[in-house]
Amino acid sequence: MTFTSQLIVERSQKGSRSSVKEQEYLCHVYVRNDCLAGVVIADTEYPQRVCFTLLEKVLEEFSTQVDRIDWPSGSPSTIQYDALESYLSKYQNPRDADPMSKVQAELDETKIILHNTMESLLQRGEKLDDLVSKSEVLGTQSKAFYKTARKQNSCCEIM
């Protein structure tokens, strides 16, 4: 993955963002105009926008904490950047890290609830229609019974 990341960064233009599929993962690359670059390797389900938000925040903070002179020759053993661990742990769940993802997830949940509510309302409406038709049938049958009973009772007179 290190080789792939270096290759993608070398082939990317300054000020560009791109995503490259590598096996079952996506490599999200952000190369700033000052040639500072970052790569996030995530599965295909992880939102692309969240990856680029993470890259932007990490690179911005890195550029303020580490001297620009150390960028080309630096390595994890020579450059101390402790904030990366906290960013990585925060961004493990994109819903918690990104307000837009959180809102989108809440909207999706609301949509599901609304869909279920509408479905139950339609079922209730169908049940009400069945009850109305049954009551009409029962009303018709009771009228027929009443007429039959009157005919039966009309032939006999009580003295």
Side-chain angles (χ1 to χ4, degrees), residues 1-9 11-33 36-64 81-159:
M1 286 297 180
T2 303
F3 172 75
T4 302
S5 299
Q6 289 173 344
L7 188 65
I8 295 169
V9 168
R11 293 182 179 180
S12 297
Q13 297 177 4
K14 292 180 184 178
S16 69
R17 297 174 187 206
S18 58
S19 297
V20 177
K21 185 167 177 61
E22 175 62 28
Q23 296 172 9
E24 69 269 8
Y25 298 104
L26 278 175
C27 300
H28 304 281
V29 182
Y30 176 38
V31 180
R32 294 181 4 159
N33 288 326
L36 185 61
V39 178
V40 169
I41 300 170
D43 61 10
T44 54
E45 294 176 12
Y46 199 88
Q48 181 179 10
R49 191 178 52 73
V50 178
C51 290
F52 287 120
T53 303
L54 170 63
L55 281 170
E56 192 172 321
K57 287 181 179 182
V58 168
L59 292 178
E60 182 61 35
E61 189 173 319
F62 182 86
S63 68
T64 59
Y81 181 63
D82 299 323
L84 183 61
E85 291 295 326
S86 66
Y87 277 115
L88 291 178
S89 64
K90 178 182 176 184
Y91 278 79
Q92 287 298 311
N93 185 355
R95 284 182 63 180
D96 296 339
D98 184 45
M100 288 293 285
S101 295
K102 192 173 191 175
V103 168
Q104 183 64 44
E106 289 173 359
L107 282 173
D108 292 342
E109 289 173 9
T110 304
K111 236 173 31 180
I112 290 169
I113 291 169
L114 187 60
H115 178 72
N116 291 340
T117 303
M118 293 297 289
E119 197 171 287
S120 66
L121 280 173
L122 289 173
Q123 288 174 351
R124 248 187 254 146
E126 289 172 2
K127 288 179 182 177
L128 284 174
D129 291 342
D130 288 346
L131 284 175
V132 167
S133 65
K134 286 178 182 178
S135 68
E136 288 173 354
V137 168
L138 191 60
T140 307
Q141 288 176 349
S142 67
K143 283 180 186 176
F145 178 76
Y146 175 73
K147 287 179 182 177
T148 306
R150 277 191 73 158
K151 284 182 185 176
Q152 291 291 332
N153 288 337
S154 66
C155 69
C156 306
E157 290 184 24
I158 298 177
M159 292 195 189

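If you read the sequence from its start, that first residue is 1, and numbering goes on from there.
For residues 134-144, the set of pairs meeting the side chain to side chain donor-acceptor pair (under 3.5 Å) definition, not counting sequence neighbours, is empty. Residue pairs that meet the salt bridge (Lys or Arg N to Asp or Glu O under 4.0 Å) test with at least one member in residues 104-119, sequence neighbours left out, are R95-E109.
Here the OG1-CG distance, from T117 to L122, works out to 11.0 Å after rounding to the nearest 0.5 Å. S18 OG to R11 CZ: the interatomic distance, rounded to the nearest 0.5 Å, is 12.0 Å. Atom NZ of K127 sits about 12.5 Å away from atom CG of D129, to the nearest 0.5 Å. Between atom OG1 of residue T53 and atom CZ of residue R49 there is a gap of 5.5 Å, rounded to the nearest 0.5 Å. The line from CD of Q23 to OG1 of T4 is 7.5 Å long, rounded to the nearest 0.5 Å. A distance of 11.0 Å separates CZ in R32 from CG in L55, rounded to the nearest 0.5 Å.
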Set out, in order, the CA-CA distance, both residues' side-chain angles and the distance that settles side-chain contact (heavy atoms from CB on, under 4.5 Å) for H28 and Y46, then state yes or no. CA-CA 11 Å; H28 304 281; Y46 199 88; 5.8 Å; no
Before you tell me yes or no, could you show the steps for S63 and E60 under side-chain contact (heavy atoms from CB on, under 4.5 Å), namely the whole-Å CA-CA distance, both residues' side-chain angles and the distance that decides it to 0.1 Å? CA-CA 5 Å; S63 68; E60 182 61 35; 4.2 Å; yes
After noting the C-alpha distance and the side-chain angles of L128 and R124, does the key distance pass the side-chain contact (heavy atoms from CB on, under 4.5 Å) rule? CA-CA 6 Å; L128 284 174; R124 248 187 254 146; 5.5 Å; no
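No more than 12 heavy atoms of other residues, nucleotides or ligands lie within 6.0 Å of CD in Q13, so this atom counts as exposed by the packing criterion. Annotation for F62: atom CZ counts as buried by contact number, over 12 foreign heavy atoms lying within 6.0 Å.
The shortest heavy-atom contact between M1 and I41 is CB-CD1, 3.7 Å. Between V31 and S12 the shortest heavy-atom distance is CG2-CB, 3.7 Å. The two atoms that bring G38 and L59 nearest to each other are N-CD1, 3.8 Å, heavy atoms only.
Every residue two or more places apart in sequence or in another chain that forms a side chain to side chain donor-acceptor pair (under 3.5 Å) with D82 is listed here: Q80. Judged as a side-chain contact (heavy atoms from CB on, under 4.5 Å), and not counting sequence neighbours, the contacts of V58 are L54, Y81, L84, Y87. Shown here are the salt bridge (Lys or Arg N to Asp or Glu O under 4.0 Å) partners of R17, two or more places apart in sequence or in another chain: E56. Under the rule for a side chain to side chain donor-acceptor pair (under 3.5 Å), the partners of Y91 that lie at least two apart in sequence or sit in another chain are K57.
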